[in-house]
There are 2 protein chains.
Amino acid sequence: MANESGVRPLRADAARNRRAVIDAARHAFAQNGVNASLEDVARAAGVGPGTLYRHFPTRNDLVLAVIEDGLAELHRLGVELLDDPDPLSALTRWLQAYIDQNSMYEGVARTFASPPPDGDERSSCRLALDVGAALIHRAVDADADDVRALASAIAWIDGQLPPDPERRARLLRMMLDGIRPR
Amino acid sequence: MANESGVRPLRADAARNRRAVIDAARHAFAQNGVNASLEDVARAAGVGPGTLYRHFPTRNDLVLAVIEDGLAELHRLGVELLDDPDPLSALTRWLQAYIDQNSMYEGVARTFASPPPDGDERSSCRLALDVGAALIHRAVDADADDVRALASAIAWIDGQLPPDPERRARLLRMMLDGIRPR
DNA sequence: ACCTGAACACCGTTCAAGT
DNA sequence: ACCTGAACACCGTTCAAGT
């Protein structure tokens, strides 16, 4: 470990390439989903495929880098909502934001659903999930992983079906309230 | 249309090849999920890739052929459960079976989730979905497509996460009962 | 220490030739 | 009418050579 933040410093050109790859990936993912061609991403970033693989050994590593900002935002929002006097309303709003992030790029719900890469306990990913768990436990009597899993599942299925702008909200309500017997 | 059932009869060798492809696909899907290599499937079936494509123009067509039996079973079970005096228990059991079928092959939930291919109104697919809708409307006050979508979503997320034999049942209960506020 | 890009492997898909 | 399999395209991944 090379410095106190745990992040080994990169040579200037390496850092530049890393940023270029992330930016190119963000555009490609927005256009074609997270399964966009990595060859295209590398070309758009102006680097060779080997450079892309050096920085991001797996596709999921690259996806995580692209959604980094979204995870930080989920963390920030979660901390803010912990001050909300209504725990259930706060949780609902956070889950809405979580589902929105899960729907940002086609196929990205898979990454949100997967367990966070271990190693850094202070990663945006871990921080966001932790504050989510706190909001869940504060509001309802349920397992935090189950609640988050079902929220990711809602984002996934919504992306599979013909567009319906109301569906995400309906399914979230169904998840929170359950189905009412006739 | 060549006969009253709407199915054009195949030449004997074509019918044999079709069966061989489906059987090979079932094995390959069981092993590697529904994204298994179609080249491998064709080779295992002893046909050229062109023959596979002639019978099944898209991968989803082949997946539908493989799950045909499962859809017929869902239909049969649904008809039986319509006689169950407890509508909510009947629905729960049908949704369990539906989720089981959605979890049969890795990635198959996507096919169950997608709208049924139109054309044949009496396909196993349509019949299964129709009886499902009847069970849903008989038991609860909710949109049948939404309920089915959420069930497919549960099957999907369960397949994404580290194995947990109880998770599917927990999430189904969460979906039916909702989350209880603390 | 990092980058390049050729090279390899694998696979989806098409189609001209065959039976 | 159907099948075959060569051929093409595309892409993930590696690695020897370069700076």
Side-chain angles (χ1 to χ4, degrees), chain A residues 1-3 6-66 105-108 110-111, chain B residues 1-3 6-66 105-108 110-111:
Chain A
M1 201 167 288
N3 65 12
V7 178
R8 186 159 44 88
L10 289 175
R11 221 168 65 179
D13 58 340
R16 208 162 39 235
N17 281 335
R18 193 188 138 87
R19 287 287 353 147
V21 168
I22 294 175
D23 290 341
R26 197 191 320 279
H27 282 102
F29 290 175
Q31 194 106 24
N32 302 318
V34 297
N35 292 316
S37 159
L38 295 182
E39 200 183 0
D40 285 351
V41 170
R43 189 170 18 247
V47 304
T51 300
L52 188 152
Y53 277 85
R54 162 175 285 266
H55 285 290
F56 307 102
T58 73
R59 183 183 292 271
N60 214 49
D61 292 328
L62 179 54
V63 175
L64 281 168
V66 167
Y105 308 106
E106 187 194 319
V108 81
R110 184 184 201 126
T111 301
Chain B
M1 201 167 285
N3 64 12
V7 179
R8 183 161 46 87
L10 289 176
R11 220 168 65 177
D13 58 340
R16 209 163 36 235
N17 280 335
R18 193 188 136 87
R19 286 291 348 150
V21 169
I22 294 175
D23 290 340
R26 195 191 321 277
H27 282 100
F29 291 176
Q31 194 106 27
N32 303 318
V34 298
N35 292 315
S37 159
L38 296 183
E39 201 184 359
D40 285 353
V41 170
R43 188 170 21 245
V47 304
T51 300
L52 188 153
Y53 277 86
R54 162 175 286 267
H55 287 290
F56 307 102
T58 73
R59 183 183 291 270
N60 215 47
D61 292 327
L62 179 53
V63 175
L64 281 169
V66 167
Y105 308 107
E106 187 194 319
V108 81
R110 182 182 203 133
T111 301

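No salt bridge links A:Arg16 with A:Asp13; every basic N to acidic carboxylate O contact stays at or beyond 4.0 Å.
Each of D:dA6, D:dC3, D:dT4 was ranked by its minimum atom distance to the side chain of B:Ala14; first place goes to D:dC3. With distances taken from any side-chain atom of A:Tyr53 to the nucleotides C:dT4, D:dG12, C:dT13, the minimum falls on D:dG12. Distance from the side chain of B:Asp13 is smallest for D:dC3 among the nucleotides C:dT4, C:dG12, D:dC3. Residue A:Glu39 has its side chain nearest to D:dC11 when only C:dG5, D:dC11, C:dT13 are considered. For A:Arg54, whose side chain is taken as the heavy atoms from C-beta onward, the closest listed nucleotide among D:dC3, C:dA1, C:dC3 is C:dC3. Listed nucleotides: D:dG12, C:dA1, C:dA6. Nearest to the side chain of A:Arg11: C:dA1.
Separating the CZ atom of A:Arg16 from the P atom of C:dA1 is a distance of 18 Å, rounded to the nearest angstrom. Note: CZ (B:Arg43) to C1' (D:dA6) measures 14 Å, nearest angstrom. Rounded to an integer number of Å, the gap from B:Leu62 CG to C:dT13 P is 12 Å. Per the geometry, CZ belonging to B:Phe56 stands 15 Å off P belonging to C:dG12, to the nearest Å. Note: CG (A:Leu52) to P (D:dG12) measures 9 Å, nearest angstrom.
Contact of the B:His55 side chain with the B:Asp61 side chain is not registered, since no non-hydrogen atoms from C-beta on lie closer than 4.5 Å. Counting heavy atoms from C-beta outward, B:Gln31 and B:His27 have side chains that stay 4.5 Å or more apart.
Nucleotides of DNA chain D nearest to A:Asp40 and A:Thr51 differ in position, and the one nearer the 5' end is that of A:Asp40.
For the pair A:His55 and C:dC3, the criterion of a side-chain N or O lying under 4.0 Å from OP1 or OP2 is met. At least one side-chain nitrogen or oxygen of A:Ser37 sits closer than 4.0 Å to the OP1 or OP2 atom of D:dG12. Contact annotation: B:Asn17 side-chain N/O to D:dC2 OP1/OP2 distance is not under 4.0 Å.
The only member of B:Val63, B:Val66, B:Thr111 that meets side chain to side chain contact (heavy atoms under 4.5 Å, CB included) when paired with B:Tyr105 is B:Val66.
Using Watson-Crick or G-U wobble geometry with both donor-acceptor distances under 3.5 Å, C:dC15 finds its partner in D:dG5.
Environment of CZ in B:Arg110: sparse, with no more than 12 heavy atoms of neighbouring residues, nucleotides or ligands closer than 6.0 Å.
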